[in-house]
Amino acid sequence: MGKPREIVVVGYDHAALLDLAGPVEVFHSANYGETRYEVTLATLGGAPFTATAGVRVEAAADLGVLDRPIDTLLVVGGRGFDEAAADPALIGHLRRLAAKARRVAGVCTGAVVLASAGLLDGKRATTHWAFTGELERRGVDVEPDAIFVCDGQVATSAGVTAGIDLSLAMVEQDHGPEVARRIAQYLVVFLQRSGGQSQFSVHTRAKPVRDGSLRALLHDIHADPAREWTVPAMARKAMMSVRHFARVFSSTVGVSPAQYVERARVEAAADLLASTGDSLDTVARQAGFGSAETLRRAFLRVLGVPPGSYRARFRTTGVA
C-alpha cells in the first residue's frame, strides 16, 4: 500500500456547499478497503467559513502555513468566487502551493479563481455555463459545453454536481476505472453522463447586440421560430444586403444566421418537450423543424442528446 495522496481543498466564504461536499465524498469513498487519499480542507488563516445556505464549515489547515508538497490543489466555486479571485493573499498562496502540487483543479467557478492566479494560462478549461464569460474575459481557452476538462496537470469542471464527475475522472487517472466505477455505483451517479452542459443551459447564449435592427431580428426569431427564416428573409428584416447581413450577423452575434436559427428552434423545442406531452412530430413542427428526424439531428448537434432523452431528464422527477 503506497502513501495516500493528499488533496488540499480550498474554501472561502460563500463557497457552494455541494462544490465542496461532492469531491470530498468521492475521495473519501475511494478509501474503502485501502487509504488512497487524505483530504485537507484549508482556508486563509485556517478560519472557518460560511458556505451556501449559511452552513458553517471548519477548516483543518491554514493556507499560509501549508508548505509541504501535495498531490492535488482543488479550489471550489460558489457565489464568493469573485471576492476570492480578487484576494491577493489567497491568490499568492494558490500560486505557491500549485508550484508544489502534482495536479491543480477547479470546481465550477473555482476555475475563475485559478485563472486569476494565472494557473490556467495556456490551458483549456471550463466552468459553470452561466460563468464561461468570466473565464473568457481572463483570456482562458474555454470549452463551454464540457462537463470537465483535463489539460495536462490542470483540471476544471462545469458547475456544482460536475465536481463529482471531475473527481471520479481524477480517481480513474490515479487508480483506474474499476475503482472509479465502484465509487460511482456507491454514490448512485453515472461514471460518465451523456451529453454536455448545453443541455442544462439550453437558452441561446449570444453576444450582447447593440445594433437595433439586429436586436429586433433576434427577438422576432425567438418569438416565431417556426417561420421560414432564410438568410434573404432575415437580411430584408434587418434592412441589409444579403452579403453585408451575413458578414455583420456572424461578427456581431458570434455564429452564422443558420446556426442561430437552429439554436433558437432547439430552445423552443426543448421548452415544449419539458412542458408538454406533445409527440415529437408535433414539437418538431411547432419549433420550425420539418420532421422529428430533423429535430433529433439538431438536438444531437446543439445539445449532444436526442430529444427523447432530453424530455426524460427534464420534464419531471417521476414522483407522480
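In the displayed structure, Arg56 atom CZ is contacted under 6.0 Å by more than 12 heavy atoms of other residues, nucleotides or ligands.
Here Phe81 pairs with Phe131 under the ring pair (Phe, Tyr, Trp, His ring centres under 6.0 Å) rule; sequence neighbours left out. By the side chain to side chain donor-acceptor pair (under 3.5 Å) test, Gln192 pairs with no residue at all, sequence neighbours left out. The ring pair (Phe, Tyr, Trp, His ring centres under 6.0 Å) search around Tyr186 returns none, not counting sequence neighbours. The side chain to side chain donor-acceptor pair (under 3.5 Å) check on Glu172 picks up nothing, with sequence neighbours excluded. When the salt bridge (charged side-chain N to carboxylate O under 4.0 Å, His left out) test is applied to Glu38, no partner is found at least two apart in sequence or on another chain. In this structure Glu178 satisfies the side chain to side chain donor-acceptor pair (under 3.5 Å) test together with Arg181, sequence neighbours excluded. Under the side chain to side chain contact (heavy atoms under 4.5 Å, CB included) criterion, Ala169 pairs with Phe148, sequence neighbours left out. In this view, Gln173 and Arg103 satisfy the side chain to side chain donor-acceptor pair (under 3.5 Å) rule, not counting sequence neighbours.
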Give the intermediate values and the outcome of side-chain contact (heavy atoms from CB on, under 4.5 Å) for residues Phe249 and Leu214.
CA-CA 8 Å; Phe249 190 101; Leu214 275 184; 3.9 Å; yes

Full working for side chain to side chain donor-acceptor pair (under 3.5 Å) between Asp281 and Ser279
CA-CA 5 Å; Asp281 283 322; Ser279 69; 5.2 Å; no

Derivation and outcome, salt bridge (Lys or Arg N to Asp or Glu O under 4.0 Å), residues Arg296 and Glu293
CA-CA 5 Å; Arg296 189 188 70 84; Glu293 177 58 24; 3.0 Å; yes

I'd like to know whether Arg297 forms a side-chain contact (heavy atoms from CB on, under 4.5 Å) with Thr294, so could you lay out the CA-CA distance, the side-chain angles of the two residues, the decisive distance to 0.1 Å, and finally the verdict.
CA-CA 5 Å; Arg297 290 198 298 266; Thr294 303; 3.7 Å; yes

Begin with the C-alpha distance, continue with both residues' side-chain angles, and end with the deciding distance and a verdict on ring-ring contact (aromatic ring centres under 6.0 Å, His included) for Tyr260 and His222.
CA-CA 10 Å; Tyr260 191 90; His222 285 279; 5.5 Å; yes

Walk me through it: do Thr72 and Val104 pass the test side-chain contact (heavy atoms from CB on, under 4.5 Å)?
CA-CA 6 Å; Thr72 302; Val104 176; over 6 Å; no

Show the numbers, then the answer: is there a side-chain contact (heavy atoms from CB on, under 4.5 Å) between Val266 and Phe289?
CA-CA 9 Å; Val266 167; Phe289 295 104; 3.9 Å; yes

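Side-chain atoms of Thr156 come within 3.5 Å of backbone N or O of Thr126 as a donor-acceptor pair. Although no hydrogens or angles enter the test, the distance criterion places a donor-acceptor pair under 3.5 Å between the side chain of Asp62 and the main chain of Gly45. A donor-acceptor pair is defined here as one N or O able to donate and one able to accept, closer than 3.5 Å; no such pair exists between the side chain of Thr282 and the backbone of Asp278. No donor-acceptor pair closer than 3.5 Å links the side chain of Arg96 to the backbone N or O of Ile91. Side-chain atoms of Asp151 do not come within 3.5 Å of backbone N or O of Val154 as any donor-acceptor pair.
Put simply, the side chain of Phe314 does not reach to within 4.5 Å of the side chain of Leu273, judged on heavy atoms. Counting only heavy atoms from C-beta outward, the side chains of Gln286 and Leu272 approach each other to under 4.5 Å. A 4.5 Å side-chain heavy-atom check between Ser250 and Pro257 finds at least one atom pair inside the cut-off. Between Glu6 and Pro69 there is no side-chain heavy-atom pair separated by less than 4.5 Å. Here the side chains of Val76 and Val10 are not in contact, with every heavy-atom distance at 4.5 Å or above. Side chains of Val253 and Val209 form a contact here, defined as non-hydrogen atoms less than 4.5 Å apart. You'll find the side chain of Val75 stays beyond 4.5 Å of the side chain of Val107, heavy atoms only. Residues Leu63 and Thr43 fail the side-chain proximity criterion, which asks for heavy atoms closer than 4.5 Å.
When every heavy atom of Ala51 is checked against every heavy atom of Val57, the shortest pair comes out as CB-CG2, 4.2 Å. Nearest heavy atoms, Gly106 versus Leu166: O-CD2, 3.9 Å. Pairing each heavy atom of Gly159 with each of Gln197, the nearest pair is N-OE1, 4.4 Å. Thr40 and Ala60 get closest at one heavy-atom pair: CG2-CB, 4.5 Å. In plain terms, the two heavy atoms of Ala184 and Phe190 that are nearest each other are CB-C, 4.4 Å. Nearest heavy atoms, Ala42 versus Leu66: CB-CD1, 4.0 Å.
With rounding to the nearest 0.5 Å, the separation of CZ in Arg315 from OG in Ser275 is 8.5 Å. Note that CG of Leu191 and CD1 of Ile183 are 9.5 Å apart. Values are rounded to the nearest 0.5 Å. Once rounded to the nearest 0.5 Å, the distance linking CD1 of Ile221 with CZ of Arg263 reads 12.5 Å. In this structure, the separation between CG on Leu168 and CD1 on Ile164 is 7.5 Å, given to the nearest 0.5 Å. Distance check, rounded to the nearest 0.5 Å: CG of Leu135 to OG1 of Thr127 gives 5.0 Å. To the nearest 0.5 Å, atoms CG (Leu74) and CG (Leu20) are separated by 9.0 Å.
Note on Val149: it does not cluster hydrophobically with Met170, by side-chain heavy-atom contacts below 4.5 Å among ILVMFWY residues.
With 3.5 Å as the limit, one finds a donor-acceptor pair spanning the side chains of Arg313 and Ser194. Side-chain contact annotation: Glu134 with Thr109, donor-acceptor N/O pair under 3.5 Å absent.
With salt bridges taken as basic N to acidic carboxylate O contacts below 4.0 Å, one links Arg102 and Asp174.
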Identify each donor-acceptor pair in which a side-chain atom of residues 116-124 lies under 3.5 Å from a protein atom, sequence neighbours left out, and give them as a table.
| residue | atom | partner | partner atom | Å |
| --- | --- | --- | --- | --- |
| Ser116 | OG | Val112 | O | 3.2 |
| Ser116 | OG | Arg138 | NE | 3.1 |
| Arg124 | NH1 | Glu143 | OE2 | 2.6 |

Only distances under 3.5 Å count here; give the side-chain donor-acceptor pairs of residues 223-235 to other protein atoms, sequence neighbours excluded, each with its distance to 0.1 Å.
| residue | atom | partner | partner atom | Å |
| --- | --- | --- | --- | --- |
| Trp229 | NE1 | Asp224 | O | 2.9 |
| Thr230 | OG1 | Ala233 | N | 3.2 |

Do any side-chain atoms of residues 24-33 form donor-acceptor pairs under 3.5 angstrom with protein atoms, and if so which ones, sequence neighbours left out?
| residue | atom | partner | partner atom | Å |
| --- | --- | --- | --- | --- |
| Ser29 | OG | Glu25 | O | 2.8 |
| Asn31 | OD1 | Arg36 | N | 2.7 |
| Asn31 | OD1 | Tyr37 | N | 2.8 |
| Asn31 | ND2 | Tyr37 | O | 3.0 |

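Residue pairs that meet the salt bridge (Lys or Arg N to Asp or Glu O under 4.0 Å) test with at least one member in residues 74-88, sequence neighbours left out, do not exist here.
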